[in-house]
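Inspection log for the structure reproduced underneath, given as structure tokens.
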Number of protein chains: 2
Amino acid sequence: MARSRLTAERESELYEAVIDLLGEVGYDGLTMDAIAARTHSSKATLYRQWGSKPELVAQALRHHKPVRLDEIDTGTLRGDFLEMVRRSDDCRMEKDSAMMRGLAHAIHSHPELLQALRELLIAPEMTGLDALLRRAVERGEVAADNPALRLVPHMMIGSFIARPLIEDRPVDQAFLAQYLDAVVFPALGV
Amino acid sequence: MARSRLTAERESELYEAVIDLLGEVGYDGLTMDAIAARTHSSKATLYRQWGSKPELVAQALRHHKPVRLDEIDTGTLRGDFLEMVRRSDDCRMEKDSAMMRGLAHAIHSHPELLQALRELLIAPEMTGLDALLRRAVERGEVAADNPALRLVPHMMIGSFIARPLIEDRPVDQAFLAQYLDAVVFPALGV
């Protein structure tokens with residue numbers, strides 16, 4: 001029997017459903033049954049196409065594109081960061097932050113998942129952020145030996161995780177802009 | 001039959017085991033069976049003493065004291081923060097960070113757990129941190145209207161969550177000291 005391919009659109013729907021479910025029930029609660037039910041597909045299709053849950057989740061992460069930092073180049077560090085905020089819509093940020101919570105424990109008990117997350121989401125973001133910060137150093141906006149340069153991802157991740165935890169509110173564009181002004185720019189001496 | 005009480009020491013052991021297991025298997029994977037096996041106690045004892053898993057976890061959190069910020073008062077903001085780092089031993093920080101990851105998803109699907117975490121761990125930390133920052137403002141070390149004042153918890157949580165995620169290394173005292181110097185103090189203008 002010829003292996004029937006899903007359409008690209010159908011595949012996108014499936015991946016989005018996996019990301020949503022991750023945020024709702026976490027990695028351990030995410031079953032092939034739940035994915036099949038949510039997407040109105042058969043488990044047979046899921047297994048034929050992806051083989052296993054870790055593979056399906058890794059593919060869903062690969063498909064789930066973060067804001068493309070490498071497309072941003074406004075000419076100033078402040079401008080680049082504010083453009084990054086402008087491109088992050090509130091609904092998407094809430095979904096991403098739920099997904100990260102859903103993965104938080106799983107990535108430490110499933111090393112292959114942490115590996116996938118690093119390669120597919122964290123590494124591209126870090127590369128984009130590095131490029132953006134390197135340009136700021138070259139323009140003389142930030143001192144090359146500023147120790148906060150390598151801590152920008154830590155500051156940003158903090159804003160995403162801490163707000164729901166402490167304030168019981170999701171991260172939104174207004175909060176991110178305040179956080180940049182109060183924390184990130186002063187640490188970078190901008 | 002008279003309800004037999006556990007000794008305080010035995011209770012402490014049980015709570016520590018619950019915290020360890022939370023870090024290892026996450027809240028959803030934490031079963032009364034696993035707790036009974038790890039602590040060599042009977043499930044009957046656990047249910048008699050705590051009634052249910054959420055109650056047992058809430059009590060374990062209550063028992064798991066964070067660094068007591070309200071005992072710290074060195075006379076300068078820098079001194080207070082460095083004393084906080086000095087009192088946080090590396091092994092304890094690694095355990096706490098595993099526990100937080102284990103709880104990350106669960107607290108969003110179990111509101112009573114988030115409530116317990118807020119009341120028992122977050123609120124006392126926030127109160128301690130507030131007092132420490134208020135003194136710095138009174139001494140004139142930090143401007144009263146510095147917008148980073150209310151974002152210190154976000155910055156600190158970022159350092160804890162992001163390092164294992166990005167660098168695959170646990171938070172330790174040396175890293176925390178660097179983070180304070182590079183991020184927290186500049187944001188506060190100290």
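This one's a predicted model, so the numbers in the text were calculated from it and none came from an experiment. What's counted below: heavy atoms across the whole structure, side chains too, no hydrogens, waters or symmetry copies. Lettering follows sequence order; numbering is per chain, from 1.
- Most heavy-atom pairs under 4.5 Å with chain B, from the set A/M155, A/Q178, A/M156: that is A/M155.
- Of the inter-residue distances, the one linking A/I157 atom CD1 with B/F160 atom CZ reads 15.0 Å to the nearest 0.5 angstrom.
- Ranking B/V25, B/D28, B/L114 against chain A, the residue ahead of the rest is B/V25, based on heavy-atom pairs under 4.5 Å.
- For a residue to count as touching a neighbouring chain, one of its non-hydrogen atoms must lie under 4.5 Å from one of that chain's; by this rule B/M126 touches chain A with the side chain only.
- For B/R150 against A/E167, the heavy-atom pair with the smallest separation is NH1-OE2, 4.0 Å.
- Taking both residues in full, the closest heavy atoms of A/A182 and B/A187 are given as O-CB, 3.6 Å, listed atom of the first, atom of the second, then distance.
- Counting heavy-atom neighbours within 6.0 Å of B/E9 CD, excluding the residue itself, gives a total of 12 or less.
- Proximity to chain A involves both the backbone and the side chain of B/Y179, based on heavy atoms less than 4.5 angstrom apart.
- Just one of B/L151, B/V152, B/L188 meets the side chain to side chain contact (heavy atoms under 4.5 Å, CB included) condition when paired with A/V183; it is B/L151.
- Interface residues of residues 135-145 of chain B toward chain A, defined by a heavy-atom distance below 4.5 Å: none.
- Under the rule for a salt bridge (Lys or Arg N to Asp or Glu O under 4.0 Å), the partners of A/R78 that lie at least two apart in sequence or sit in another chain are A/D181.
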